[in-house]
Amino acid sequence: MSDPVFTVNLSVAHVGSGGNTRKGAYFYSFDPDILVIRKPRTTINFVLDKDSASDFVVVDLVSSDAKYQLSAPRLTPDSRSVSVVNENTQRQLIYVSILVHDTRRDELVACDPQVINSPEGN
């Protein structure tokens, strides 16, 4: 049996004002918006959706993971997605930020989903 895979779609747009990051200049959202990981060794793929302009590329994933739950991030060659393997052995909230570069405006946008480890049986 293969390890589980959790795909998360990320929408990013430059809106000028009224957004939720970079002083309101950008809006981002995740689908699903809360990630509750229940299975061990779950691969999480964060993917820029088709509605996100081609000017946006993923450059990194950083986290507050102090209990060694997440593997090193792996970017795809087209820089439209990043993935990590979540060991999911510890119950915790992991602060994660997907760093997206707006190549048109040369701006870095931090997009932070909620990642909750809730191992089975705990």
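Residues: numbered from 1 along the sequence shown. Only a predicted model underlies this, so the values are computations on that prediction, with no experimental measurement involved.
Looking only at atom types and distance, the side chain of Asp55 has no donor-acceptor partner in the side chain of His101 under 3.5 Å away.
Cluster membership for Val85 and Val58, using ILVMFWY side-chain heavy atoms within less than 4.5 angstrom, is not shared. In the hydrophobic clustering of this structure, Val109 does not group with Val15; members are Ile, Leu, Val, Met, Phe, Trp, Tyr whose side-chain heavy atoms approach within less than 4.5 Å, directly or through other members.
For the atom pair Asn9 CG and Lys50 NZ, the distance stands at 9.5 Å (nearest 0.5 Å). Considering CD of Glu120 and CG of Asn88, their distance stands at 8.5 Å, rounded to 0.5 Å. Distance check: Gln114 CD to Tyr95 OH gives 8.5 Å after rounding to the nearest 0.5 Å. Remark: His14 NE2 to Glu107 CD distance equals 7.5 Å, nearest 0.5 Å. Atom OG1 of residue Thr42 and atom CG of residue Asn86 lie 6.5 Å apart, to the nearest 0.5 angstrom. Note that the OG atom of Ser63 and the CD1 atom of Ile94 stand 6.5 Å from one another [nearest 0.5 Å].
Contact of the Val96 side chain with the Val62 side chain is not registered, since no non-hydrogen atoms from C-beta on lie closer than 4.5 Å. A heavy-atom distance below 4.5 Å is found between the side chains of Ile98 and Leu10. Proximity of Val57 to Val100: side-chain heavy atoms (C-beta onward) are nowhere separated by under 4.5 Å. Counting heavy atoms from C-beta on, the side chains of Val8 and Ile44 come closer than 4.5 Å. No side-chain heavy atom of Ile37 sits under 4.5 Å from any side-chain heavy atom of Ile116.
When the side-chain hydrogen bond (donor to acceptor under 3.5 Å, both in side chains) test is applied to Gln69, the partners found at least two apart in sequence or on another chain are Thr89, Asn117.
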>> Evaluate Phe56 against Arg80 for side chain to side chain contact (heavy atoms under 4.5 Å, CB included), listing each step before the verdict.
In response: CA-CA 8 Å; Phe56 294 108; Arg80 294 291 286 183; 4.2 Å; yes
>> Walk me through whether Val84 and Thr43 qualify under side chain to side chain contact (heavy atoms under 4.5 Å, CB included).
In response: CA-CA 6 Å; Val84 291; Thr43 297; over 6 Å; no
Check residues 25-35 and write down every donor-acceptor pair under 3.5 Å in which the side-chain atom is one partner and the other belongs to a residue at least two apart or another chain.
| unit_1 | atom_1 | unit_2 | atom_2 | d |
| --- | --- | --- | --- | --- |
| Tyr26 | OH | Asp102 | OD2 | 2.7 |
| Tyr28 | OH | Asp112 | N | 3.4 |
| Tyr28 | OH | Asp112 | OD1 | 2.2 |

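Scanning all heavy atoms of the two residues, the minimum distance from Ser83 to Asn45 falls at CB-OD1, 2.9 Å. Scanning all heavy atoms of the two residues, the minimum distance from Leu61 to Pro73 falls at O-CG, 3.6 Å. Here the closest heavy-atom approach between residue Phe46 and residue Pro113 is recorded as CE2-CG, 3.7 Å. When all heavy atoms are compared, the tightest approach of Leu75 to Asp60 is CD2-N, 4.4 Å. Taking all atoms of both residues into account, the shortest heavy-atom contact from Arg91 to Pro119 is CG-CD, 3.5 Å.
Between the side chain of Ser52 and the backbone N or O of Val12 there is at least one donor-acceptor pair closer than 3.5 Å. Counting only distance, with no hydrogens or angles, the side chain of Ser81 and the backbone of Val47 share no donor-acceptor pair below 3.5 Å.
When the shell of 6.0 Å around CZ of Arg104 is examined, it contains 12 or fewer heavy atoms from other residues, nucleotides or ligands.
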